[in-house]
> 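Could you have a look at this structure, given as structure tokens, before my questions?
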Amino acid sequence: MKRTILIFSYCFLFSLIAMAQRSVSQLEKNWKFTKGDVPEAAQVNFDDSKWETVTIPHDWAIFGPFDRNNDLQNVAVTQNFEQKASVKTGRTGGLPYVGIGWYRNEFDCPAGKQVTLVFDGAMSEAHVYVNGKEACFWPFGYNSFHCDVTNFLNADGKDNILAVRLENKPQSSRWYPGAGLYRNVHVVATEKVHVPVWGTQLTTPHVADDYASVRLSTTINGAGDENIRVLTDIVSPEGKVVASKDNTRKINHGQPFEQNFLVNTPALWSPETPYLYKAISKIYVDGKQVDEYTTRFGIRSIEIVADKGFFLNGKHRKFQGVCNHHDLGPLGAAINVAALRRQLTLLKDMGCDAIRTSHNMPAPELVELCDEMGFMMMVEPFDEWDIAKCTNGYHRYFNDWAEKDMVNMLRHYRNNPCVVMWSIGNEVPTQCSPEGYKVASFLQNICHREDPTRPVTCGMDQVSCVLENGFAAMIDVPGLNYRAHRYMESYKNLPQNIILGSETASTVSSRGVYKFPVEKRASIKYDDHQSSGYDVECCSWSNIPDVDFALADDYDWTIGQFVWTGFDYLGEPSPYDTDSWPSHSSVFGIIDLASLPKDRYYLYRSVWNKEANTLHVLPHWTWPGREGENTPVFVYTNYPSAELFVNGKSFGKQRKLTIEESRALESKDSLALERRYRLMWMDVPYEPGEIKVVAYDKNGKSVEEKVVRTAGKPHHLEVIADRTQLSADGKDLAYITVRVVDKDGNLCPADNRMVSFSVKGSGRYRAAANGDATSLDLFHLPQMPAFSGQLTAIVQSGEQGGEIIFEAKAKGVKSGKLILSTLK
Ligand code: GAL
């Protein structure tokens with residue numbers, strides 16, 4: 001296996017940095033991959049020339065095919081109160097993630113260095129071999145781990161053979177986990193005396209407007225009795241050195257090297273002002289520099305005050321958060337920064353300010369982006385502890401690995417200002433065991449030991465158990481998953497006098513699909529396997545968004561929420577999870593799998609985004625066959641009132657109710673609570689034409705209008721890219737929305753025709769999705785049917801600057817075309 005390109009690129013890279021003491025590179029290209037077990041592949045001379053050549057991040061399962069029998073599970077989902085096992089179809093996405101896979105590559109590194117491989121995540125049960133010998137094993141597929149391979153390298157540092165064996169067992173997950181080397185792999189080469197991986201801990205013990213103190217603890221490995229000099233500059237967001245320390249000391253008993261700084265008039269980090277500083281440390285031994293290590297950080301304070309709530313930099317706020325699984329819809333689990341940025345951009349505009357990494361360690365790129373774009377994070381490691389949720393889940397490893405997994409997570413992310421809270425788990429069955437509190441305390445203590453600055457929470461759903469057995473009372477911040485009706489009781493009973501909505505809503509809806517009559521319903525199923533876009537349906541254990549808005553508005557001691565979920569994800573197709581193939585992805589998302597906002601997006605935006613106005617009308621107004629039938633109209637808006645007109649005829653004004661007005665209406669109107677947050681005209685006979693909504697401000701002045709028209713015949717494909725200029729790095733993405741519209745540009749909301757794509761020039765077609773949880777069309781093929789008239793095609797830049805020409809074609813309508821540019 002001689003992969004010349006890789007070797008040349010590494011030689012080039014290493015000659016560039018030959019003088020540097022530390023080099024960090026990513027192993028991305030020219031990996032060889034095969035599915036199936038090939039134990040000989042660990043050996044140096046193994047011939048892998050027939051294997052597929054892949055670039056990582058790589059998810060071997062996302063290419064399908066979908067199949068009902070992939071990881072078919074016969075289980076009782078006890079969290080959902082199921083007593084008897086039943087066949088769960090599509091629970092993990094119906095994709096072929098189960099099995100063994102091997103990856104091989106070759107790398108060079110400078111001779112005589114300490115070399116560590118860092119895996120951001122490998123799904124799962126990774127055995128890592130270097131030059132034929134097993135260098136490390138890490139079972140948990142979501143965690144980052146590192147592996148000192150110094151002793152396994154060839155003497156000249158060249159032609160080292162890296163082989164990785166991964167295995168995903170059936171029934172190891174409750175959602176789509178992805179498969180393979182789905183996150184990045186780094187090669188870190190250092191001198192003998194060096195800062196190890198995640199080797200600094202930076203805290204800000206005092207934060208005020210006039211000054212902040214910064215404490216940096218730097219672990220230095222490989223040092224003996226010699227004097228070590230550490231010169232650290234603190235660099236401001238504008239790039240100025242604002243504080244420095246130059247200290248020389250011995251490393252006593254392996255203790256970290258501590259330095260303290262004062263930063264005057266610090267620029268504080270918050271979601272609205274994501275200012276980032278850097279601590280750049282140069283390490284010297286005997287007058288010679290041996291290492292340079294940069295710690296990026298933010299200056300901010302966090303505080304939880306009983307009865308009062310959560311404070312960031314002394315300002316009271318409530319989490320307006322979402323939970324997300326790690327997959328990126330049609331890209332699968334393979335990490336991509338542009339895809340993450342796209343997600344965060346949409347969430348930001350919605351007014352979301354926090355992310356919960358449910359229920360596992362995130363990709364480092366997500367944490368970095370949250371630092372940069374301004375999102376608070378609750379980072380969570382586990383969905384199960386020592387008691388199983390899935391036959392082959394993490395419980396098999398918990399006793400031996402939980403502490404190691406926690407330590408990696410905590411050291412990896414404890415310097416990121418965006419992380420404001422750790423979670424130790426999600427709805428773990430252990431919460432109800434009499435000894436469960438011991439496990440919780442073991443995990444919480446690890447958090448406190450590794451990071452005394454952040455509070456710890458746990459997502460609890462078995463409220464009776466945890467109130468009774470002391471489990472909830474010992475968590476820093478009690479987090480309730482759903483059970484909104486038990487918040488008050490929990491608040492009163494628990495000593496912390498604070499409640500976090502660690503997981504909320506689980507409202508279900510399908511983009512552009514509306515069900516009649518419009519009624520609040522739980523766990524309701526329809527023949528088409530969709531849920532209503534009127535945002536009135538949820539699961540038996542959950543609720544619709546308005547309930548959580550009210551809890552946040554009405555009580556100081558609720559510190560906000562993390563909605564299940566920001567984005568739809570592969571797997572867990574509730575309420576169509578029991579023998580309901582082809583349903584294979586969730587309908588919980590505020591935004592669908594194609595990254596297109598559902599109506600619900602605007603409901604959250606109208607409450608959360610205080611900077612922009614929202615005026616959104618639903619449903620669509622193209623209902624052939626519904627003439628004369630009642631077709632309620634909802635408006636999601638931050639304006640206090642609005643008036644509805646159908647073909648020019650007023651249906652009257654609606655105004656948002658106060659809490660008192662809504663309570664007074666409760667016995668008469670099942671939507672009384674919702675009337676605080678939505679404007680609803682429940683009796684509107686459908687007639688084709690147009691609906692117009694005029695919004696009024698608090699003085700009754702008309703300020704904005706929205707019109708929705710009945711669509712004519714499908715005429716052409718409208719194509720809109722989220723970005724028109726990409727970077728020519730071979731990874732950047734444009735998300736192109738394709739809409740089937742009539743000749744005037746009105747969306748044809750029932751159109752599901754097949755659309756095909758061509759991409760020419762300096763980029764390639766990457767994937768497409770339509771947000772239909774029942775669609776088995778493969779994402780990577782250049783065609784996809786529209787769903788409710790829309791879909792998303794994703795185009796990836798090449799490595800040469802130039803133009804990308806994208807075209808979408810479909811039978812019976814004119815094609816749509818656009819040109820993107822890519823810049824080197
Ligand atoms: C919760 C669980 C989530 C997801 C959700 C669906 O109980 O924590 O992982 O399963 O239900 O409503």
Side-chain angles (χ1 to χ4, degrees), residues 73 75-82 88-93 142 171-177 321-327 355-362 378-385 387-390 393-394 423-432 457-466 478-486 500-510 521-525 531 535 537-545 547-548 561-578 580 583-590 593 600 773:
Q73 303 191 8
V75 289
V77 181
T78 46
Q79 311 92 274
N80 300 355
F81 310 110
E82 292 179 7
K88 297 290 178 307
T89 44
R91 193 177 193 205
T92 49
Y142 291 98
Q171 307 216 15
S172 50
S173 185
R174 297 194 297 116
W175 57 85
Y176 176 68
V322 298
C323 305
N324 274 335
H325 273 314
H326 66 310
D327 77 67
I355 308 279
R356 170 186 185 218
T357 67
S358 45
H359 304 297
N360 300 110
M361 295 84 172
M378 180 215 289
V379 173
E380 179 168 85
F382 304 126
D383 192 48
E384 58 183 58
W385 296 346
I387 301 178
K389 276 186 189 170
C390 297
Y394 185 72
S423 162
I424 49 176
N426 173 62
E427 298 185 357
V428 289
T430 312
Q431 70 194 295
C432 284
T457 188
C458 182
M460 298 173 288
D461 62 324
Q462 302 299 322
V463 181
S464 301
C465 285
V466 297
L480 292 195
N481 284 11
Y482 313 99
R483 316 314 190 267
H485 58 288
R486 304 199 63 181
L500 169 68
S502 40
E503 190 174 312
T504 60
S506 270
T507 301
V508 287
S509 66
S510 307
R521 294 202 273 191
S523 297
I524 189 82
K525 298 188 194 186
S531 297
D535 302 320
E537 296 173 2
C538 56
C539 298
S540 57
W541 57 89
S542 66
N543 53 265
I544 58 176
V547 174
D548 305 306
Q561 61 163 325
F562 290 85
V563 178
W564 192 263
T565 47
F567 279 75
D568 272 332
Y569 51 95
L570 292 159
E572 212 185 26
S574 308
Y576 302 102
D577 58 346
T578 306
S580 299
S583 290
H584 63 278
S585 59
S586 82
V587 286
F588 293 120
I590 297 172
L593 202 73
R600 225 171 339 135

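Since the structure is predicted, the reported quantities are computational estimates derived from the model, not experimental observations. Note that ligands are numbered from 1 as they come in the structure, with each ligand's atoms numbered from 1 the same way.
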> Under 3.5 Å, is there a donor-acceptor pair between the side chain of Ser523 and the main chain of Ser540?
yes
> By number and element, which atoms of ligand 1 are closer than 4.0 Å to a non-hydrogen atom of Asn426?
2 (C), 8 (O), 9 (O)
> Under 4.0 angstrom from ligand 1, any heavy atom of Tyr482?
yes
> Of the protein's non-hydrogen atoms, which lies at the shortest distance from atom 10 (O) of ligand 1, and what is that distance?
Glu572 OE2, 2.4 Å
> Any idea which heavy atoms bring Arg91 and Val75 closest together, and the distance?
NH1-CG2, 3.7 Å
> Supply the atom-to-atom distance Asn324 CG to Ile355 CD1, rounded to the nearest 0.5 angstrom.
5.5 Å
> Could you identify the single nearest non-hydrogen protein atom to atom 5 (C) of ligand 1 and state the distance to 0.1 Å?
Glu503 OE2, 3.4 Å
> Under the side chain to side chain contact (heavy atoms under 4.5 Å, CB included) test against Cys323, which residue among Met378, Glu380, Glu503 passes?
Glu503
> At a non-hydrogen distance cut-off of under 4.0 Å, which region of Phe588 contacts ligand 1 (side chain, backbone, both, or neither)?
side chain
> Please report the shortest heavy-atom distance between Cys458 and Ser502, naming the atom on each side.
O-OG, 4.3 Å
> Tell me if the centroids of the rings in His359 and Trp385 come within less than 6.0 Å of each other.
no
> Between ligand 1 and His325, is the shortest N or O to N or O distance under 3.5 Å?
no
> Short N/O distance, under 3.5 Å, between Tyr569 and ligand 1?
no
> Relative to the heavy atoms of Trp564, which atoms of ligand 1 are at a distance of less than 4.0 Å?
3 (C), 4 (C), 5 (C), 6 (C), 9 (O)
> Output the distance between atom CG (Asp568) and atom NE2 (His325), rounded to the nearest 0.5 Å.
11.0 Å
> Tell me the protein heavy atom at minimum distance from atom 12 (O) of ligand 1, and give that distance in Å.
Ser506 OG, 2.6 Å
> Identify the protein heavy atom lying closest to atom 9 (O) of ligand 1, giving its residue, its atom name and the separation to 0.1 Å.
His359 NE2, 2.5 Å
